[in-house]
2 protein chains.
Amino acid sequence: MDACTTLGAKFEDWQALGLDEERCPVRNLLDQIGDRWSMLLLAALAGGPKRFSALARAVPDISKRMLTQTLRMLEVSGLVHRDVQPTVPPSVTYSLTPLGRSFAGPLLGLVDWAETHFAAVVEARAQAKKAA
Amino acid sequence: MDACTTLGAKFEDWQALGLDEERCPVRNLLDQIGDRWSMLLLAALAGGPKRFSALARAVPDISKRMLTQTLRMLEVSGLVHRDVQPTVPPSVTYSLTPLGRSFAGPLLGLVDWAETHFAAVVEARAQAKKAA
DNA sequence: CTGAATCCTATGCGATACTG
DNA sequence: CAGTATCGCATAGGATTCAG
């Protein structure tokens with residue numbers, strides 16, 4: 001049974017349960033990390049702990065507001081650990097929890113797909129634009 | 001080298017290239033399928049071709065507007081094929097292209113992670129709420 | 001340095017009504 | 001049946017300023 005068939009079967013199961021946002025793990029996950037920044041920050045932290053300002057530099061086009069907000073959400077969900085050093089000036093280090101690290105595998109799968117098939121997607125979009 | 005380290009290394013590479021939205025495959029993918037419906041519709045189609053109204057029933061809380069819009073985007077990106085039967089009344093069937101099917105693997109990885117670790121995430125959120 | 005607070009704009013997305 | 005068109009709100013999220 002290939003991945004496609006398996007996925008189709010799983011979808012049937014969720015559907016039978018009403019695809020409820022609260023109960024369905026997949027809907028829940030998508031609500032969590034289906035935003036513009038979550039996956040990117042998890043990837044940024046995969047290499048090791050980073051400080052707030054280092055993360056801000058690593059992802060140039062994120063605002064401080066969204067950086068704080070996204071990290072908080074990831075922390076609440078148990079994917080990221082926030083370590084505050086009570087120095088002056090304060091120093092805050094973020095790192096992946098074991099749960100966060102366990103997410104690296106699936107995320108890497110997505111990343112690999114993106115890199116492998118990026119050219120095909122660009123090509124498809126070019127074709128579509130030409131047809132229009 | 002585990003997935004976490006690999007992912008960290010890849011992020012360094014993207015960072016070196018400026019994490020450009022146009023050029024970075026990952027940013028591009030996230031812009032595409034990082035919305036509320038794309039991944040869900042791809043999963044819904046993984047089991048086989050479905051008609052427009054069947055998809056609308058499969059995902060109860062999607063509006064016709066978003067269903068159309070999301071399917072169009074997936075079609076333009078080459079992940080979904082749209083087959084129009086010029087009958088009366090018209091019948092339109094959507095299916096995954098080979099490119100779309102190739103995405104089932106990575107997507108299944110994400111789904112499996114969600115199902116496996118859902119309980120842990122819920123637990124973490126409960127702890128965070130209690131602390132607050 | 002690491003945020004919190006406030007303000008403001010863009011737009012995602014649902015609801016509704018209409019068409020071929 | 002399978003959309004399209006229009007309206008309108010709720011929210012995402014950037015810019016800026018203040019604080020510990």
Side-chain angles (χ1 to χ4, degrees), chain A residues 18-21 27-42 44-45 49-77 80-95 128 131-132, chain B residues 18-21 27-42 44-45 49-77 80-95 128 131-132:
Chain A
L19 273 173
D20 185 55
E21 297 233 16
R27 293 295 295 264
N28 205 288
L29 176 71
L30 289 181
D31 280 1
Q32 276 295 317
I33 51 78
D35 60 52
R36 184 126 89 254
W37 305 116
S38 294
M39 295 212 213
L40 216 51
L41 287 180
L42 289 174
L45 286 171
K50 276 197 173 65
R51 296 182 51 178
F52 184 86
S53 51
L55 281 171
R57 260 176 284 113
V59 186
D61 49 352
I62 192 175
S63 64
K64 281 192 302 181
R65 177 183 155 82
M66 290 315 296
L67 182 54
T68 303
Q69 187 172 308
T70 306
L71 286 169
R72 281 279 190 279
M73 193 176 55
L74 294 174
E75 188 195 3
V76 166
S77 295
V80 160
H81 174 66
R82 180 167 173 267
D83 188 32
V84 183
Q85 303 295 336
T87 57
V88 176
S91 163
V92 182
T93 304
Y94 294 88
S95 55
Chain B
L19 273 173
D20 185 53
E21 297 232 15
R27 294 296 295 265
N28 205 286
L29 176 71
L30 289 180
D31 280 2
Q32 276 294 316
I33 50 78
D35 59 51
R36 183 126 94 254
W37 305 116
S38 295
M39 295 212 214
L40 216 51
L41 287 180
L42 289 174
L45 287 171
K50 276 196 173 65
R51 296 182 52 176
F52 184 87
S53 52
L55 281 170
R57 259 176 286 113
V59 185
D61 49 352
I62 192 174
S63 64
K64 281 192 302 183
R65 176 185 155 82
M66 288 317 294
L67 182 54
T68 303
Q69 187 172 307
T70 307
L71 286 169
R72 282 278 192 279
M73 194 175 55
L74 293 173
E75 189 194 2
V76 166
S77 295
V80 161
H81 175 68
R82 180 167 174 266
D83 189 32
V84 184
Q85 303 295 336
T87 57
V88 176
S91 164
V92 181
T93 303
Y94 294 89
S95 56

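Predicted model only: the values in this text are computed from it and were never measured. So that the names make sense, note that chain A is the first sequence line, chain B the second, and so on, each numbered from 1.
Remark: A:Arg51, A:Phe52, A:Ser53, A:Lys64, A:Arg65 in residues 51-65 of chain A come within less than 4.0 Å of DNA chain C through at least one heavy atom. For DNA chain C, no neighbouring residue in residues 30-39 of chain A is found when judged by any heavy atom under 4.0 Å. Listed by residue number, the members of residues 85-93 of chain B with any heavy atom below 4.0 angstrom from DNA chain D are B:Pro89, B:Pro90, B:Ser91, B:Val92.
Bending across the helix from C:dC1-D:dG20 to C:dG20-D:dC1, expressed as the angle between its end axes from five pairs apiece, amounts to 40° (10° rounding).
The NE2 atom of B:His81 sits 10.5 Å away from atom OH of B:Tyr94, with the distance rounded to the nearest 0.5 Å.
Inter-residue side-chain proximity for B:Leu71 and B:Leu55 is flagged as met; some heavy-atom pair is nearer than 4.5 Å.
What you find for A:Val84 and A:Pro86 is that their closest heavy atoms are O-CD, 3.6 Å. Closest non-hydrogen pair, B:Lys50 versus B:Ala44, comes out as NZ-O, 3.1 Å.
For A:Pro49, the side chain to side chain contact (heavy atoms under 4.5 Å, CB included) criterion is met by A:Thr93, A:Ser95, not counting sequence neighbours. Partners of B:Asp83 by side-chain hydrogen bond (donor to acceptor under 3.5 Å, both in side chains), not counting sequence neighbours, listed by chain and number: B:Gln85. Take B:Met39 and apply the side chain to side chain contact (heavy atoms under 4.5 Å, CB included) test, not counting sequence neighbours, and it matches A:Leu30, A:Met39, B:Ile33, B:Leu107, B:Leu110. Take B:Ser38 and apply the side-chain hydrogen bond (donor to acceptor under 3.5 Å, both in side chains) test, not counting sequence neighbours, and it matches B:Asp35. Checked against side chain to side chain contact (heavy atoms under 4.5 Å, CB included), A:Glu75 has the following partners two or more places apart in sequence or in another chain: A:Arg72, A:Arg82.
You can see that DNA chain D meets the heavy atoms of chain A within a 4.0 Å-exclusive cut from D:dG13 to D:dG20, reading 5' to 3'. For DNA chain C, the contact window with chain A, defined by any atom under 4.0 Å from a protein heavy atom, covers C:dC1 to C:dT6 in 5' to 3' order.
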Donor-acceptor pairs are to be reported for all side-chain atoms of residues 56-68 of chain B against protein atoms at under 3.5 Å, with residues two or more places apart or in another chain.
from, atom 1, to, atom 2, distance (Å)
B:Asp61, OD2, A:Arg27, NH2, 3.1
B:Ser63, OG, B:Met66, N, 3.3
B:Thr68, OG1, B:Lys64, O, 2.9

